[in-house]
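What you are looking at is a predicted structure, and each value in this text was computed from that prediction instead of being measured. What you see below is based on every heavy atom in this structure, not just the backbone, and it leaves out hydrogens, waters and symmetry mates. Each chain gets a letter, A, B and so on, in the order the sequences are listed, and its residues count up from 1.
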Amino acid sequence: MFPAMTAVVLLYALPLVRSLASAFHGDDGLTVAHVVRAFTLYGRDVAFSIGVSLGALVLIAIASIAIAGYLTLGATRWAVRVLRWLYRWPLFIPFVVAGQLSRSFLSTNGMMNTVLIETGLLSAQSAQSFLDWRGLILTFAWKQIPFVTLLLAGAMAAVEPSHSEAARNLGAGRLRALFHIVLPQAAPTLWVGLILSLVAMLSVLSVPMMLIAGNPTMMTSMMAHRITYYGDYGVANALGLFSYALTAVTAWVYLRLTLARETQR
Amino acid sequence: MNALSLSEVTVDLGPRRILERINLVVTPGSFTCLLGPSGCGKTTLLRAIAGFTPLSSGDIRLGERSITELPPEKRHTAMVFQSYALWPHMNVGDNLAYPLKLRGIPKDERTQRVATMLERLALGGFEHRSVTQLSGGQRQRIALGRALIIDPPLLLLDEPLSNLDASIRRSLRGELRQLQKSLGLTTVMVTHDQEEALQMADQIVLMREGHIVQVAPPASLYQQPADLEAARFLGVDNTVACSPQDPSALAGAKTLGFRTREARVDVAPSVNALVRRGQVTECVYTGDGYQIGVTANDQTLFATARTPVEAGRFVTLQVPESALIPFGPDHRYMPSLNAQEHTA
Ligand SMILES: Nc1ncnc2c1ncn2[C@@H]1O[C@H](COP(=O)(O)OP(=O)(O)OP(=O)(O)O)[C@@H](O)[C@H]1O
Ligand SMILES: [Mg+2]
């Protein structure tokens, strides 16, 4: 108990508090100058980060519900088996490699456009690069969907099969059984998956660095930039503060939702 | 017209054949029990009727209509699961209203019908309770109510009473049966409790290893089980080889079966009875008498007595002819001369 606590304090809590403190620490003591500077310099990047993260989360939620739902309630046995085997492999691909893959997939001369042009769905002139916010959303989603699906499919499998069978017996089709019976019971796990994905997206440096050339970009890029070029830890930590705030808000919303449900029981 | 008819229903799960060529008809408004030992395929048969287990071959008809190819949601059967399967994220009222909601019934009418159903289940005012806070018996009723609220043409019950303790079970048996009769509901219930089946059913379907062994009303099943194994399952716990001095009406039988409570060791000898002499090996109090173990011809038989009998004493075990169940050399039930007279 005691050594564990000490380790947590020394290795996690202390550095966190130090970095938070340095966000408010200037030459002449306590100051909000860093925060203000971070916001005036990088306000657009903060907004961009929020937009991209939300976009990716929506995509992740939709895809993972669809995949996990099919894994749980799918009627075609072989399709379920193939999907179960297929969906996991991006889990084992690091973010850097994911970034690399999407660069070669989404650029103007990338694989996606090549295929689209060759199949005649797109004319060569109107081919454009997806290496902007869209590429970022797609890459983050691609990387995180298997993870959230894994969690969600587990939670859905833990819902007693008789619950959805009872719904179907009383007249609900598969889709209704999914949205009325299975998903509500697995929802807390979906929230956990989405929050963990948000944290991952807000902390990944490689993907935005590889996909986004100019401004605006994700906060992580700007933090790295601030530190490597200016050695400016104050503003970097103030940017970090925004990331904490964002995840904290989400976590709070999640806790509110689950607690409301618990007290309802 | 039959409410439900199964013809040649066969089910395979993986490589195993679970049900083999099941034929069964259920008349409208009747109460049918599927009875059999654990693992014989009762639940599988019920799930096949509800549409959760695909058939390898055969046909299931609800009324005139074949439902074999329909998905569960289009079959309009109402099933009560052994675990009740109440949805924990909905309160009692929402659980009951869900089937109505699926049918597009407006909110006011839903509320009204849920309230009526709760009254009928003697759970009036429970709408806003959480289903996780109900007792086993209350859950069972809510599960039943959720199935009944849509006036289903066929009610399917999978051991609905087995999770309850003995006293509630006994009272719910009566309630369930009365409800079923008053609504004229065609019902198929799975149970492995023979007493439950005998008390509730109009027709009992005795199953074993994926086959139907016998379909009969409770009294005939009890008195004339199809074969020796069925008899044992129905509480015929003694069997003896038939000998020439046994009642003549039973001539031709190879084996005679009888229930312990029909055999006495403390009555005056009579002519038309099975008689075996033997030595008492044990005497156990059973509440309404004593169960006596008797060793006769190297075989232990059981009988009852009103007063205790010392171990080691020699006694005469007697079973009246009417309580003897004859079986032929193939272990199948063999109608005796008497039984034939009775049925004639
Ligand atoms: N999903 C399945 N896959 C393969 N075999 C199964 C499956 N479900 C059940 N079985 C097998 O089918 C047989 C019949 O099972 P079923 O559940 O119908 O028995 P039951 O008569 O309802 O028994 P109980 O009284 O114990 O509930 C059993 O031998 C069981 O092992
Ligand atoms: Mg069963």
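Residue contact with chain B, scored on non-hydrogen atoms closer than 4.5 Å, is absent for A/A75. Proximity to chain A is absent for every atom of B/L156, based on heavy atoms less than 4.5 angstrom apart. Interface remark: B/T77 contributes backbone and side-chain atoms alike to the contact with chain A (heavy atom separation under 4.5 Å). When heavy atoms are compared at a cutoff of 4.5 Å, B/L102 approaches chain A by way of both its backbone and its side chain. Only the backbone of A/R174 comes within contact range of chain B, judged by heavy atoms closer than 4.5 Å. For a residue to count as touching a neighbouring chain, one of its non-hydrogen atoms must lie under 4.5 Å from one of that chain's; by this rule A/E160 touches chain B with the side chain only.
Most heavy-atom pairs under 4.5 Å with chain A, from the set B/R129, B/R103, B/K101: that is B/R103.
Considering CD of A/E165 and CD of B/E73, their distance stands at 12.0 Å, rounded to 0.5 Å. Expressed to the nearest 0.5 Å, how far CG of A/L183 lies from NE2 of B/H89 amounts to 9.0 Å. Rounding to the nearest 0.5 Å gives a distance of 7.0 Å between CG of A/N169 and CD1 of B/I150. Atom-to-atom distance recorded for A/R176:CZ and B/Y98:OH is 6.5 Å, nearest 0.5 angstrom. Atom-to-atom distance recorded for A/H163:NE2 and B/S83:OG is 6.0 Å, nearest 0.5 angstrom.
Counting non-hydrogen atoms of neighbouring residues, nucleotides and ligands closer than 6.0 angstrom, the CZ atom of B/R120 reaches no more than 12 such neighbours. Heavy-atom contacts from other residues, nucleotides or ligands closer than 6.0 Å to CD of B/E69 number 12 or fewer.
Shown here for B/F81 and A/A166, the closest heavy-atom pair between the two residues is CE1-CA, 3.5 Å.
Contacts between residues 52-60 of chain B and chain A, counted as heavy-atom pairs separated by less than 4.5 Å, involve B/F52.
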